[in-house]
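We're numbering straight along the sequence, starting at 1.
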Amino acid sequence: MNYTELLDIVRSDPRYPVAAYVFTIESLDYTSAKITHAEEVGDRTPGHITGREFVLGMIEFARKELGVFARTFFELWNIQTRDDIGEIVFNLIDAEFLSKTESDQRSDFHNLLSLEQALTEGVTIHWDSTAALRRRVR
């Protein structure tokens with residue numbers, strides 16, 4: 001991966017930092033590996049990754065890699081909706097980091113699901129207030 005080229009993308013569209021693009025590419029690798037496995041075991045027809053598949057894969061990867069902080073990282077990267085994911089993907093396509101089919105379009109990322117809900121659903125943070133109190137007393 002050439003970070004200089006990613007910096008060029010950020011210069012032309014400063015809405016998202018380099019880290020958002022790096023995470024998107026890593027998410028694509030993760031999603032691609034899952035889909036390749038599904039194709040090998042016959043659970044999926046061979047082909048490219050759709051917008052919906054990518055968003056779902058990216059969310060799964062974020063929850064796995066970032067855990068309870070997934071939503072926080074997405075906010076830091078200015079990824080507020082699945083449309084932002086589509087914008088990042090298409091910026092990568094325009095810069096020839098990724099390829100697309102003729103049927104792929106930005107609208108493939110519209111109205112898929114609530115990004116907020118997908119990143120936080122079922123996530124709980126356990127706080128042991130007695131442990132925190134013991135640390136302050138010492």
Side-chain angles (χ1 to χ4, degrees):
M1 177 181 333
N2 186 335
Y3 291 102
T4 304
E5 291 174 355
L6 290 179
L7 288 172
D8 290 341
I9 296 172
V10 172
R11 282 186 201 103
S12 67
D13 183 354
R15 293 178 292 172
Y16 313 104
V18 169
Y21 289 96
V22 171
F23 191 80
T24 299
I25 293 167
E26 290 173 351
S27 297
L28 181 62
D29 292 343
Y30 173 84
T31 304
S32 180
K34 285 192 65 153
I35 286 176
T36 299
H37 175 72
E39 290 171 354
E40 289 171 355
V41 297
D43 291 342
R44 184 179 190 282
T45 304
H48 85 294
I49 300 169
T50 66
R52 178 178 176 71
E53 289 170 329
F54 179 66
V55 169
L56 294 174
M58 185 176 198
I59 289 167
E60 183 177 315
F61 183 65
R63 289 177 64 114
K64 179 181 174 197
E65 293 298 310
L66 305 172
V68 298
F69 300 106
R71 185 70 197 132
T72 302
F73 276 98
F74 275 54
E75 287 175 6
L76 288 171
W77 298 331
N78 201 30
I79 302 174
Q80 304 300 318
T81 68
R82 64 241 172 258
D83 294 324
D84 290 315
I85 296 170
E87 290 297 315
I88 292 169
V89 166
F90 273 84
N91 284 347
L92 288 166
I93 289 168
D94 292 343
E96 299 180 357
F97 267 87
L98 304 177
S99 60
K100 71 178 195 84
T101 66
E102 289 195 23
S103 64
D104 292 331
Q105 50 193 337
R106 280 179 166 81
S107 64
D108 294 342
F109 293 87
H110 298 318
N111 301 321
L112 293 176
L113 53 100
S114 164
L115 194 55
E116 171 82 25
Q117 182 180 359
L119 288 170
T120 59
E121 189 173 283
V123 173
T124 56
I125 300 173
H126 299 284
W127 174 256
D128 182 352
S129 60
T130 58
L133 182 59
R134 283 193 302 267
R135 282 192 296 268
R136 276 191 268 160
V137 172
R138 290 183 187 187

Taking the side chain as C-beta and beyond, is there a heavy-atom pair between [X] and [Y] under 4.5 Å?
{"X": "D104", "Y": "T101", "value": "yes"}
{"X": "I88", "Y": "Y21", "value": "yes"}
{"X": "D108", "Y": "F54", "value": "no"}
{"X": "D84", "Y": "N78", "value": "no"}

Mind checking what makes salt bridge (Lys or Arg N to Asp or Glu O under 4.0 Å) contact with D29, not counting sequence neighbours?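 For D29, no residue satisfies salt bridge (Lys or Arg N to Asp or Glu O under 4.0 Å) once neighbours in sequence are set aside.
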With sequence neighbours excluded, residues passing salt bridge (Lys or Arg N to Asp or Glu O under 4.0 Å) with E5: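 E5 satisfies salt bridge (Lys or Arg N to Asp or Glu O under 4.0 Å) with no other residue.
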Quick check for you: to the nearest 0.5 Å, what is the distance between [X] atom [atom1] and [Y] atom [atom2]?
{"X": "L6", "Y": "N91", "atom1": "CG", "atom2": "CG", "value": "10.5 Å"}
{"X": "I35", "Y": "L28", "atom1": "CD1", "atom2": "CG", "value": "9.0 Å"}
{"X": "I9", "Y": "L92", "atom1": "CD1", "atom2": "CG", "value": "4.5 Å"}
{"X": "E87", "Y": "I79", "atom1": "CD", "atom2": "CD1", "value": "11.5 Å"}
{"X": "K34", "Y": "E60", "atom1": "NZ", "atom2": "CD", "value": "3.5 Å"}
{"X": "T24", "Y": "M58", "atom1": "OG1", "atom2": "CE", "value": "3.5 Å"}

Of the non-hydrogen atoms in T31 and G57, which two are nearest, and what is the gap between them?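 Answer, listing the atom of T31 first, then G57: OG1-CA, 3.2 Å.
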Least distance between heavy atoms, A70 atom then A62 atom: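 Heavy-atom minimum between the residues: CB-O, 3.8 Å.
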For F109 and F90, take the angle between the two ring planes, folded into 0 to 90°, and tell me which bin it lands in: parallel under 30, tilted 30 to 60, perpendicular over 60.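 F109 vs F90 ring planes: perpendicular.
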Aromatic ring pairing Y30/F61, orientation class (parallel under 30°, perpendicular over 60°, tilted between):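 Y30 vs F61 ring planes: tilted.
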Listed partners of D8 passing side chain to side chain donor-acceptor pair (under 3.5 Å), at least two apart: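 D8 satisfies side chain to side chain donor-acceptor pair (under 3.5 Å) with R11 only.
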